[in-house]
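We use all heavy atoms of the structure for the numbers below, so side chains are in, but hydrogens, waters and symmetry mates are not. On a predicted model such as this, the values are computed, not experimentally measured, just so you know. In what follows, chains are A, B, ... by sequence order, proteins preceding strands, each numbered from 1.
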Amino acid sequence: MPRMNMVQAINSAMDIMLARDPNVVLIGQDIGYFGGVFRCTDGLQRKYGEHRVIDAPIAEGGIVGSSIGMGVNGLRPVAEIQFADYIYPGCDQIISELARLRYRTAGDFFAPVTIRTPCGGGIRGGQTHSQSPEGIFTHLCGVKVVMPSNPYDAKGLLISSIEDDDPIIFFEPKRIYNGPFDGDPDKPAVPWSTHPKGEVPGDYYTIPIGRAEIVRPGEDVTVLCYGTMVHVCLAAAAHTQIDAEIIDLRTLSPLDVPAIVQSVEKTGRCVVVHEATRFSGYGAELAATVQEECFYSLEAPILRVTGWDTPYPHAFEWDYFPGKRRVAAALEQILEMS
Amino acid sequence: MPRMNMVQAINSAMDIMLARDPNVVLIGQDIGYFGGVFRCTDGLQRKYGEHRVIDAPIAEGGIVGSSIGMGVNGLRPVAEIQFADYIYPGCDQIISELARLRYRTAGDFFAPVTIRTPCGGGIRGGQTHSQSPEGIFTHLCGVKVVMPSNPYDAKGLLISSIEDDDPIIFFEPKRIYNGPFDGDPDKPAVPWSTHPKGEVPGDYYTIPIGRAEIVRPGEDVTVLCYGTMVHVCLAAAAHTQIDAEIIDLRTLSPLDVPAIVQSVEKTGRCVVVHEATRFSGYGAELAATVQEECFYSLEAPILRVTGWDTPYPHAFEWDYFPGKRRVAAALEQILEMS
Amino acid sequence: MTRKPRLHIPVPPARPGADPDFSYVDRVAAGAVGRPDPQARLRDLPDELIYSMVRVLDDEGVATGAWDPQLDPEQLQFGLRHMLETRLYDDHMTRMQRQGKISFYMKSRGEEAVAVAAAMALKPSDMLFPSYRVQGLQIARGRSLVDLMNQCLSNSRDMCKGRQMPVMYHWKRGNIFSISGNLTTQYPQAVGWAMAAAIKGEDDIAAAWIGEGSSAEADFHHAMTFASVYRAPVILNIVNNQYAISTFQGTAGGELRPFAARGPGYGVPGIRVDGNDFLAVYAVTQWAAERARTGRGATLIELVTYRVDAHSTSDDPSRYRPKNEPESWPYGDPVERLKRHLTRFGQWSETQHAAMIEEVQKQVDSEWQQAISNGTMTEGPFLDKNELFEDVYADMPPHLIQQREQMLAFDEREKH
Amino acid sequence: MTRKPRLHIPVPPARPGADPDFSYVDRVAAGAVGRPDPQARLRDLPDELIYSMVRVLDDEGVATGAWDPQLDPEQLQFGLRHMLETRLYDDHMTRMQRQGKISFYMKSRGEEAVAVAAAMALKPSDMLFPSYRVQGLQIARGRSLVDLMNQCLSNSRDMCKGRQMPVMYHWKRGNIFSISGNLTTQYPQAVGWAMAAAIKGEDDIAAAWIGEGSSAEADFHHAMTFASVYRAPVILNIVNNQYAISTFQGTAGGELRPFAARGPGYGVPGIRVDGNDFLAVYAVTQWAAERARTGRGATLIELVTYRVDAHSTSDDPSRYRPKNEPESWPYGDPVERLKRHLTRFGQWSETQHAAMIEEVQKQVDSEWQQAISNGTMTEGPFLDKNELFEDVYADMPPHLIQQREQMLAFDEREKH
Ligand SMILES: Cc1ncc(C[n+]2csc(CCOP(=O)(O)OP(=O)(O)O)c2C)c(N)n1
Ligand SMILES: Cc1ncc(C[n+]2csc(CCOP(=O)(O)OP(=O)(O)O)c2C)c(N)n1
Ligand SMILES: [Mg+2]
Ligand SMILES: [Mg+2]
């Protein structure tokens, strides 16, 4: 089976969809001839032409707005926002239009737009190349929010997203484009080629949207995480030798509640982990839902391990990043509680 | 003591600040000669001139962006976004600039901008005149989020907001501009003049940002709410005769955690109420914090009563609006639990 | 260093109490502007297209100049009828709002030609992206008033299923896009739709309408940039009715230059046209459509008109402009002007006109009866309450199914 | 109905492997464009300001025409020195990035005149809102390189306290605003700053810089609209260096019209100037500043130049443009051109030039030594870690105090 890193897997998903469906088009800054600043669209314009892989002006609002129009006219646009930190100029078109078009027209009009955007920190990108704004979009009704943690899922989920008739914000944790990252910047980088999830079928397959995956079965505590933090959490479990059940949510909205409930009812403990800032972030929803659904099984409060409530800094990145040691501390702490 | 409705109280706060501080300026759509679509700036341009009460083009991004520039140049802009539903074109300037300017310049530059905007439903405004987007802004680091529930608080909190050196999003629940609303649209409208909080000093006073208020002391369950829902919750408590302790948060961020913890440790139960949609909304943060801080005092799961996870409809408004009956049901439900 | 404020603030020519003053609106004679070949390159288009005004009908109702579209009497009568239908529909719905039958309404009085003439100049398969003040588009495309009324009533036949405020129509079969409460968002969407048509090699074009006040929104720039870069087959209309709620067009940036002048800076032709001149609107739209259809890209059209009535049923214009300002608008009334033209050449008469008004009024009344038989805000038949949760997503996710059950459970509870 | 895709896609004249082709850049003779009275009204400004190009220095280094600012030799040598300082600073920091001493860097090679000449033409009290590629502004205003280096190192003396990526400087005392990673946001901010100056009746003006690619962002439109409506005293500069990362200026909307042409549509004068011509940039900035200071409002300046190096240290231009394209830029190099001018009139010599380069290089090296003595990414002195939580708000709220304690607790924990 071919081995791919996340960039190649994402590229392969778009390649396959461009080939299968003449209505799929890509649009974004530097995605055409150049192939994207992260190379995710490398070679696709050469293969499918300038009318299907389109270099866009630097106007995120225009990219989303025109993608909606293209979607209404029968195309399936896949728009790239170069960094999630730059998605805000597109907020009005996403929130006021993309998310609500189907509802306000009683299903007569809709735009099956997928918005791909690299997110997250760990690359010394400072405040404008490191953000994790998923919590803004999970609050919206009418869009689905997806974030894969490995090449295999990335490809399967992106194909599902492009085929989905609902708009999707597809977050790509850029820190793990080239290899899994356990939160320790001093360790030598590991490539995906050595990772089981780096084995990616060359052809078409899908992974259903809305399904979480248990990436490490365990008995003592449930860990809810996604994206880069999946690898950090696995490392923390290994490091502490705590028998944690680690769930990779994969789809943040709609949330796979049954998978979570089943696990927490078993473990009686839950730790929520994300890179994004803590206050009013997505992790709060996870904690709120878990205590609503599993209150009588809980033996300890649900703990959140997140980015601090400050903008993402350039210096002190590894003090800011919720790394292995902070997850490990939470795992130890929650087991001591009761 | 003079009696004011919320519009008059907000007008009075700006009137006083325009008079006290030559650097205070107002900018927004239709706020000048016309006095604002909700009349909140009525008479202020005549009194302070066109250079201090400025009619703006219809460009929320431009209003926020230029307000930041004015703030950096020593003014204290109070910007009005005509409806909270229209704040999204200003998101990039709010999220990327206003919220982070002080941090990224290590305090060398900052913009003391107050953004006033009417929010919430109950006025048959449909999806674009009824939204409660506070959950997007409470997730930001660097802005404070305020929402008063009555004229007295509105004036005191708005003066504090204008004087505050941090940027503030000041949400005004438009349904209660003219009178408290308990969620029952069939009841005749009550004016503020009959309400104790409709007694508003004519001159300068402040209410500290970051402090919640217990609007109904009680023993059996803590209710966390703000804005219009404060009145709905009071009605629900009266209706059910449940001895609820109702806390009006007033400031959503930064949150007055001690006030909440003290109450929940006493009551052992907590219901969170807001108009905004539920999933990944601000109520999730309240639930997450309460269970973190008060886990061992909790006798039942924290319940959320919120808008449904759909866009705000035009028809069925009273099925959508989290009214008295839904809050009452939650109060009864949580007392049955344990 | 001076200490005197020197910020320029645009001030309208006349406030309540003062005499109306339209001296800022230049008087252009009908036929004054020449009609360039639709195939002409931008650089060959004369400035007068922007700085003068395309007008066909003079004050006597005579059609003059190269822009006369030479429509036959039937077409003109068709246009007149749809303008009247739009006007009487507006009047009726405003009355119904006053009577509390609907929650809100927005009229287009004085601006009927902007919509009706444009709709007639385009192909039925062209996609229209309307603002909330071009209801004439729907009517000219043959939409039944009942459908529009059903929407305003949020009743059992509302095409929006109760999810939008009144006037926020859409019409899939009629190729008219959904109206959004958020201004200008339809502009880049129309450009995207047109880009898709070009990508697919289809000949249909898109047309979008915004008000002059809305041109200040970011999406105006997005639309112009994308239309320019990709030469999208789209017509971008700015309806300059002089007001954005309470602020006059100077507050939107119209003090120094006509809005049409924004076009050329992007490489997009701009045309300024008398929006109350049915023939001129038709001709200019036709010209822009031919350019778009033949690969010459987008055109920005400024339609100069006047908002005769309140912004909406929530507004009171006497607070910010002279009561008698509407009557002094220099370019008259679109219905009267087309009527005069037809009458002058014996293709219409006062009696025919009166008869048509009566007939249309009857139609409006009877369609209203039909509409309310589909339900009102207070009386059934009502929409199925379950609809509240439909169409958020293509398929209803579990949490919405659960919330719907909760809602229904409450109703049960109330019953007992 | 055709089925052939007909969407227009802007394509650059030359891709890697092909010969550079700047035929799309018109050749304008120095002195060709006249200099209008700075008090002239917009309507009286000639089109040539936009469609031709203001140039002063010809190929022989002779200053010709009405735009010659008549600067004395000292000023010119001062400008030359600061352009060299900027260039050698850029080269040094790029080397340091390659050596892993800093995480990232962005050069302005070939664009030095754009920044240095503009800074010299403005008053020190005028407020500058820079992009990330006009470091010459800081240097021309007398900022020490150590300060800039400290920022790039995020060291103990970093004016951003480690909170921004390299080159995102600010300088409060020097009246230079903070650079944002989000493109174009400084544009409406500069307009707002200028509005405040006008409201307060102060004479200072604002100036802002963006790249041509950034002009597609919404904030360009916001800035132009507000500048036009309120006649704000601001200079809005578009640095057209032909590229936005990998895409050429056609993708940003420059194919059909120069970016300067966007101005007049808003009622704002536009001027196109040779950005590699120190004298022309100085003269045009001075002209726009006089207009702004005397109440004539904003000016949009397009500075035509070329991005000689990579977009940033993360970029490799050979992937998208011919390797030898930089050498074939028709308008030469700003440093060489000013040098030739000075030399020609005996106000400068090769030896003086070589000496200056040596001196500046020494300065750069010694300032670097100073800078790293304030700490590097790997060696102290480091910033106080507590800084991570400062300045989110004016006063630190309880939850941040708590989070800071948690962070410090972890460090303690690690120690044992
Ligand atoms: C993004 C946004 N901002 C503000 C509003 C509130 N609003 C509704 S209509 C209107 C005036 C629009 O004026 P114009 O574009 O000239 O259209 P007209 O009403 O004159 O037809 C405003 C400010 C809105 N609907 N959307
Ligand atoms: C809002 C936003 N979108 C995208 C980016 C990514 N980005 C950084 S620089 C750049 C190119 C800018 O080109 P231009 O404006 O021409 O400036 P230049 O680099 O040529 O000086 C892009 C797309 C960004 N920083 N911000
Ligand atoms: Mg208007
Ligand atoms: Mg550039």
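Contacts of residues 133-141 of chain A with chain C at a heavy-atom distance below 4.5 Å involve A/Leu140, A/Cys141, listed in sequence order. Against chain C, the residues from residues 46-63 of chain A that qualify, each with a non-hydrogen atom under 4.5 angstrom away, are A/His51, A/Ile54, A/Asp55, A/Ala56, A/Pro57, A/Ala59, A/Gly61, A/Gly62, A/Ile63 in number order. When the heavy atoms of residues 185-194 of chain C are compared with those of chain A, the residues falling under 4.5 Å are C/Thr185, C/Pro188, C/Gln189, C/Gly192, C/Trp193, listed by number.
For chain C, the option among A/Gly65, A/Pro167, A/Pro254 with the highest count of heavy-atom pairs below 4.5 Å is A/Gly65. Ranked by non-hydrogen atom pairs under 4.5 Å with chain C, the options A/Val72, A/Asp92, A/Asp165, A/Val257 are led by A/Val72. If you tally non-hydrogen atom pairs under 4.5 Å between each of C/Lys161, C/Met168, C/Gln164 and chain A, the highest count goes to C/Gln164. Most heavy-atom pairs under 4.5 Å with chain C, from the set A/Leu75, A/Leu255, A/Asp164: that is A/Leu75. Taking C/Val229, C/Thr225, C/Asp219 one by one and counting their heavy-atom pairs under 4.5 Å with chain A, the maximum is reached by C/Asp219.
Remark: C/Arg404 CZ is packed, more than 12 non-hydrogen atoms of other residues, nucleotides or ligands lying under 6.0 Å away. The neighbour count for A/Glu292 CD, taken as heavy atoms of other residues, nucleotides or ligands under 6.0 Å away, is above 12.
The OG atom of C/Ser180 sits 4.0 Å away from the CZ atom of A/Arg104 when rounded to the nearest 0.5 Å. Note that the CG atom of A/Asn73 and the CD1 atom of C/Ile199 stand 9.0 Å from one another [nearest 0.5 Å]. Summarising the geometry, atom CG belonging to C/Leu388 is positioned 4.5 Å from atom OH belonging to A/Tyr103; distances are rounded to the nearest 0.5 Å. For the atom pair C/Asn182 CG and A/Arg100 CZ, the distance stands at 6.0 Å (nearest 0.5 Å).
In terms of heavy atoms, A/Met70 sits closest to C/Ala196 at CA-CB, 3.9 Å. When every heavy atom of A/Ala106 is checked against every heavy atom of C/Cys160, the shortest pair comes out as CB-C, 4.1 Å.
Heavy-atom distances place no part of A/Val64 under 4.5 Å from chain C, backbone and side chain included. Both the backbone and the side chain of A/Thr105 come within contact range of chain C, each with at least one heavy atom under 4.5 Å from a heavy atom of that chain. With a 4.5 Å cut-off on non-hydrogen atoms, C/Ile179 touches chain A through its backbone but not through its side chain. Using a 4.5 Å cut-off between heavy atoms, C/Ala197 contacts chain A through both its backbone and its side chain. Contact annotation for A/Ser253: only side-chain heavy atoms (C-beta onward) come within less than 4.5 Å of a heavy atom of chain C. Of the two parts of C/Leu383, neither the backbone nor the side chain holds a non-hydrogen atom closer than 4.5 Å to a non-hydrogen atom of chain A. Using a 4.5 Å cut-off between heavy atoms, A/Asp108 touches chain C through backbone and side chain atoms alike. Looking at C/Val392, the atoms closer than 4.5 Å to chain A (heavy atoms on both sides) sit in the backbone and in the side chain alike.
For C/Met377, the side chain to side chain contact (heavy atoms under 4.5 Å, CB included) criterion is met by B/Arg124, C/Ser103, not counting sequence neighbours.
A/Asp166 places a side-chain N or O within 3.5 Å of a backbone atom of C/Ala394 that can act as its donor or acceptor partner. Using a distance-only test at 3.5 Å, with no hydrogens or angles considered, a donor-acceptor pair links the side chain of C/Tyr393 to the main chain of A/Val143.
For the 3.5 Å distance criterion, the side chains of A/Asn23 and C/Lys200 fail to qualify, holding no donor opposite an acceptor.
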